[in-house]
Amino acid sequence: MKTIVILFCILFIFSCSNKKILPSNPIEHFTITKKIKPQKVVNLERYNILRPNNCIRFKNWYVLSDYGDKDNHIKFLSLDFSEVISGVREGNGPFDVVGAFELHLVDDSVFIMDINHKKILTVDVNANQLITKVSSYGNNMWVGCLPITRDRFIDENYSDSSMYQLKDRNNKTIMSIDYPADENLKELSYIAQNSVYFNTKFCVSPDKTKYAFGVSFTGMYGFGTIVNLDSITLDRILPYYSITIQNIIDFGGEKVVPANTSMLNVCSCTSSKDYAIFLFEGNKYGEMNKYGTSILLYTWNGEPYMRLDIDDNVSYVYYDIERNIIVGIAHNPEAQLVEYDMGGIIK
């Protein structure tokens, strides 16, 4: 009997040592942490940019979407903050947008993702003449659509049981990635699961060989490989916590309503050569502040590298690879652009 008990204990210890238990809060998994403050804070209201949502670096400009100015929905602000020009306006014309939900730099052009119009605007700016040239092509994408090139996209999916898909510019599915296993969601229909994974934040490595994502409503991070732009693999999942479901409503299909105690996860996602960079919120669903509390750096293999804690009510971040800074959109309460120096952090 004593031998059996000892053998059971050995097996129990062995099984535990091979099971990786992740903490309920992603920030607890980082051994290297730093408190950072912006090296520059710019009040955007002086440029009549009142409700910025996204910001990326394009040549010698910051490109910002501004929900506070319908006539000039996209603004170009020079990097030295000396000049601002108007880009795309809000409307229903061929070169208008309803909502610039995402801005991306693709093949030296700005991609403006307008999910309401189901189209993408491509914007090129002649820095010498300050002329904005706009072209457009349609794509049946959703909020979580990530353009890799002009012809390849990683897109959230709402038509079957897969979580997201690799598509071409004609909306043809090249391959799909299925939902990761989640015991708390396994009884839901795929339509209800789709609503849980809605608004997933994707980023792609500068060399276009790796991608990563963070889910807004569950503590899930994923890391994968892009193979010759014609295939994607999901190599690693970090499932920190699951969503607590308050209700399921019929909203043109089943939609999950998170409980007020559920923790919000990722606000935005950007990338450097070595890291996938996530803006982590960490607030409760019922609070809905939509401001980040930490910037989390993971290697492309899914290993936590460093946690950067911030106090600037940032809702969006973008990594500028040329200047080695993280640019954020902050609200304190006025709209601000903040720059964090990554010297000594991102090499």
Side-chain angles (χ1 to χ4, degrees), residues 15-35 143-144 146 154 156 162-164 177-188 192-203 210-225 233-246 256-271 274-310 314-317:
S15 64
C16 289
S17 65
N18 282 272
K19 185 175 182 181
K20 188 174 184 179
I21 304 298
L22 295 174
S24 61
N25 192 325
I27 65 175
E28 297 172 8
H29 205 54
F30 290 80
T31 56
I32 304 175
T33 63
K34 290 181 180 291
K35 184 82 172 181
V143 176
L146 170 70
I154 295 176
E156 288 181 337
S162 60
M163 181 181 179
Y164 57 92
I177 297 293
D178 291 335
Y179 292 113
D182 187 329
E183 290 296 316
N184 198 35
L185 304 178
K186 67 179 183 179
E187 301 300 329
L188 298 180
Q193 289 191 53
N194 281 332
S195 72
V196 172
Y197 293 108
F198 176 77
N199 202 21
T200 295
K201 304 301 183 183
F202 292 93
C203 63
K210 297 286 186 178
Y211 74 95
F213 66 82
V215 181
S216 297
F217 296 120
T218 74
M220 180 185 293
Y221 297 79
F223 304 85
T225 302
T233 62
L234 180 56
D235 304 328
R236 188 175 188 184
I237 285 288
L238 299 179
Y240 289 105
Y241 59 86
S242 183
I243 190 174
T244 303
I245 299 173
Q246 173 181 305
V256 170
V257 179
N260 286 343
T261 55
S262 291
M263 187 189 303
L264 294 173
N265 186 15
V266 173
C267 301
S268 69
C269 178
T270 184
S271 66
D274 296 319
Y275 306 109
I277 303 168
F278 299 96
L279 178 61
F280 174 73
E281 181 167 346
N283 297 303
K284 301 300 183 184
Y285 177 76
E287 298 170 353
M288 294 298 285
N289 290 326
K290 296 184 179 179
Y291 298 140
T293 56
S294 300
I295 298 172
L296 309 182
L297 277 62
Y298 287 85
T299 69
W300 289 107
N301 293 324
E303 293 295 334
Y305 166 62
M306 185 179 295
R307 185 184 94 208
L308 306 174
D309 293 332
I310 56 176
V314 173
S315 61
Y316 183 90
V317 292

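Any value given below was found using the heavy atoms of this structure, including those in side chains, with hydrogens, waters and symmetry copies removed. Residues take their numbers from the sequence shown, with the count starting at 1.
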Identify, with sequence neighbours excluded, every residue that meets ring-ring contact (aromatic ring centres under 6.0 Å, His included) alongside Tyr316. none
Residues which pass ring-ring contact (aromatic ring centres under 6.0 Å, His included) with Phe280, listed by chain and number, not counting sequence neighbours: none
To check you understand the geometry: which heavy-atom pair defines the closest contact between [X] and [Y], and what is its length?
X	Y	result
Val215	Val196	CG1-O, 4.0 Å
Phe278	Gly214	CE2-N, 3.6 Å
Cys267	Lys201	O-CE, 3.1 Å
Lys284	Leu264	O-CD1, 4.2 Å
Ser24	Tyr241	O-CD2, 2.9 Å
Leu296	Arg307	CD2-CG, 3.5 Å

Working to the nearest 0.5 angstrom, can you tell me the gap between [X] [atom1] and [Y] [atom2]?
X	Y	atom1	atom2	value
Ile277	Leu308	CD1	CG	8.5 Å
Asn283	Ser262	CG	OG	13.0 Å
Tyr164	Phe213	OH	CZ	4.5 Å
Cys203	Lys210	SG	NZ	12.5 Å
Leu188	Gln193	CG	CD	5.5 Å
Ile177	Ile154	CD1	CD1	9.0 Å

Does [X] have any side chain to side chain donor-acceptor pair (under 3.5 Å) partners at least two apart in sequence or in another chain, and if so, which?
X	value
Asp235	Thr225, Thr233
Thr270	none
Ser294	Asp309
Tyr298	Tyr240

Checking the side chain of [X] only, and the main-chain atoms of [Y] only, is there a donor and an acceptor separated by less than 3.5 Å?
X	Y	answer
Asn25	Ile27	yes
Tyr197	Met163	no
Ser268	Val317	yes

Output, in order, the C-alpha distance, side-chain angles, deciding distance and verdict of side-chain contact (heavy atoms from CB on, under 4.5 Å) for Leu185 and Val256. CA-CA 10 Å; Leu185 304 178; Val256 170; over 6 Å; no
Is the closest side-chain heavy-atom distance between Ile243 and Tyr285 below 4.5 Å? no
Side chains of Asn265 and Met220 in contact at under 4.5 Å (non-hydrogen atoms): no
Taking ring pair (Phe, Tyr, Trp, His ring centres under 6.0 Å) as the criterion, tell me which of Tyr305, Phe223, Trp300 meets it with Tyr275. Tyr305
As a quick check of understanding, evaluate side-chain contact (heavy atoms from CB on, under 4.5 Å) for Leu234 and Tyr211, giving each step before the final call. CA-CA 9 Å; Leu234 180 56; Tyr211 74 95; 4.1 Å; yes
